[in-house]
Amino acid sequence: MLLLSVAVVAVAVFVVVLLIPPKPKRVVEVDSMAVPMRSVSHRRQQIEEESTAIAMEYERRANEVWMAEVTAKAVDLLWDGEGSS
């Protein structure tokens, strides 16, 4: 009986701990570092924009090549299908 009551208490504590929401993360703002952080974040933003543009261009070109290959295969299959029928 004692073992059962200890297990019930342990499960109850576990459920209560799961129901407690996590603490929000604190955001620390430092005014003295505002100017250098802006230049770093501005440069980082530029790099991210450039890398996104490059990735989008690469994806566009890859899609064009893929579409050309699929179209060529479809034409080949259609002509082969009509010729053998």
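Annotation for E49: atom CD counts as buried by contact number, over 12 foreign heavy atoms lying within 6.0 Å.
For V9, the side-chain contact (heavy atoms from CB on, under 4.5 Å) partners are V13, not counting sequence neighbours. Every residue two or more places apart in sequence or in another chain that forms a salt bridge (charged side-chain N to carboxylate O under 4.0 Å, His left out) with R60 is listed here: E57, E64.
Counting Ile, Leu, Val, Met, Phe, Trp and Tyr side chains that sit under 4.5 Å apart, directly or through other members, I47 stands alone, with no cluster partners.
Remark: T52 OG1 to Q45 CD distance equals 10.5 Å, nearest 0.5 Å. Distance check, rounded to the nearest 0.5 Å: OG of S41 to CD of Q46 gives 10.5 Å.
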